[in-house]
Amino acid sequence: MRISVTIFLTDETITPTRLARELEARGFAGLYLPEHTHIPVERVTPYPAGGDLPREYGRTLDPFVALGQAAAVTERLGLGTGITLVAQHDPIDLAKQIATLDHLSGGRFTLGLGFGWNVEEAADHGVDWRTRRELVQDRMALMRALWADEPTAYEGEFGSVRASHAFPKPVQRRTLVGGAAGPKLFSHICAYADGWLPIGGRGLSESLPVLRTAWADAGRDPAALQVVPYAVFPNPGKLAHYADLGIEEVVVQLPPAGESEVLKALDEYARYVQDGTGDV
């Protein structure tokens, strides 16, 4: 099992370059970063975890810039977003960012995408909350047209692009969708993704068979489905359970803290990583 990490990197935490070097030196498989462009002060939307919204949400670094720094100082470390708020991006610009990062890192990038929870943040980007899922699916199709081997036009409900020369091309094009289990989410995963980022990893014994059935019904290769529990606080029993479910990668949660606290957490998690391979 590969062990990756996620962290809210901010202007107050460990830097992307220091963290990336330390992760690769300890044999961790990857670094996934979240995204929030801003947090409106006047916000009606409740924090999904309950209580006050943690400070780091309003201070998050741009994940593509931070991952670009991480890519420059590592050779093997996987790089991912957890998650990119696709509805809040111009898809032509986003396609270029993703392709450039994947190209320059030698195919190490994973696009983790989601639909968001903060209505006010999305509204400032001009997103109609009721149709955000359809918007994301449309933008993914537009980006895939730009990544196609030959110039390919796309005309969708929310956007279009002419047949274009668009280089570089992403190397691996790995896409995972984050969110809570349910038929709507699973339909998106089966339509345009390689798998699922279940936040926290709870309830997989019940939800994973449902996703696998939906995946097979959509004509997808059962062996190709990837499920990557995300933002997990690990223990040996939990990781053994994931392994029994056939899961090959887990993303563990680091604190949004300074260098000393983050490195201490890495040393604690390193016991789940053996011989630099991430096997447990």
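The structure presented is a predicted model; accordingly, all values stated were derived computationally and were not measured.
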Counting only N and O atoms by type, is there a donor-acceptor contact under 3.5 Å from the side chain of [X] to the main-chain atoms of [Y]?
X	Y	value
Q137	H188	no
Y272	I3	no
R132	W129	yes
T6	V251	no
W196	G179	yes
S187	K184	yes

Is the number of heavy atoms from other residues, nucleotides or ligands under 6.0 Å of [X] [atom1] greater than 12?
X	atom1	value
H241	NE2	yes
R43	CZ	yes
D52	CG	no
K169	NZ	yes
Q172	CD	yes

Short side-chain donor-acceptor distance under 3.5 Å, [Y] and [X]:
X	Y	value
Y192	T175	no
R108	T74	yes
T84	H89	no
E35	T81	no
Q88	E121	yes

Quiz item: Run the side chain to side chain contact (heavy atoms under 4.5 Å, CB included) check on Y154 and D138 step by step: do they pass?
Solution: CA-CA 10 Å; Y154 176 76; D138 191 75; 2.7 Å; yes
Practice problem: For the pair S4 and Y32, evaluate side-chain hydrogen bond (donor to acceptor under 3.5 Å, both in side chains) and give the outcome as yes or no after the intermediate values. | Solution: CA-CA 8 Å; S4 299; Y32 291 74; 4.9 Å; no
Quiz item: Could you go step by step and tell me if M140 and L113 meet the side chain to side chain contact (heavy atoms under 4.5 Å, CB included) rule?
Solution: CA-CA 10 Å; M140 288 301 302; L113 67 91; 3.6 Å; yes
Quiz item: If every non-hydrogen atom of E155 is compared with every non-hydrogen atom of S160, which pair is closest and at what distance?
Solution: OE1-CB, 3.3 Å
Practice problem: Write down the atom of A218, the atom of C190, and the distance for their closest heavy-atom approach. | Solution: CB-CB, 3.9 Å
Quiz item: ring pair (Phe, Tyr, Trp, His ring centres under 6.0 Å) with F167: which residues, sequence neighbours excluded?
Solution: none
Practice problem: Using a strict 4.0 Å threshold on nitrogen-to-oxygen distance, state whether R173 and D149 make a salt bridge. | Solution: yes
Is there side-chain contact between [X] and [Y], with at least one heavy-atom pair below 4.5 Å?
X	Y	answer
V171	F109	no
L176	Y230	no
Y57	N118	no
E22	V262	no
T110	D194	no
E261	I14	no
P234	Y269	yes
V210	T213	no

Quiz item: For the side-chain contact (heavy atoms from CB on, under 4.5 Å) test, which of L19, T60, L67, T15 pairs with L9?
Solution: L19
Exercise. Using the ring of W215 (Phe, Tyr or Trp, six-membered ring only), decide whether R212 places NZ or CZ under 6.0 Å from its centre and within 45 degrees of its axis.
Key: no
Quiz item: Does the side chain to side chain contact (heavy atoms under 4.5 Å, CB included) test come out yes or no for R133 and V136, once each step is laid out?
Solution: CA-CA 5 Å; R133 292 176 183 269; V136 168; 5.8 Å; no
Quiz item: Can you list the steps and then say if V73 with R18 is a side chain to side chain contact (heavy atoms under 4.5 Å, CB included)?
Solution: CA-CA 9 Å; V73 298; R18 180 62 194 278; over 6 Å; no
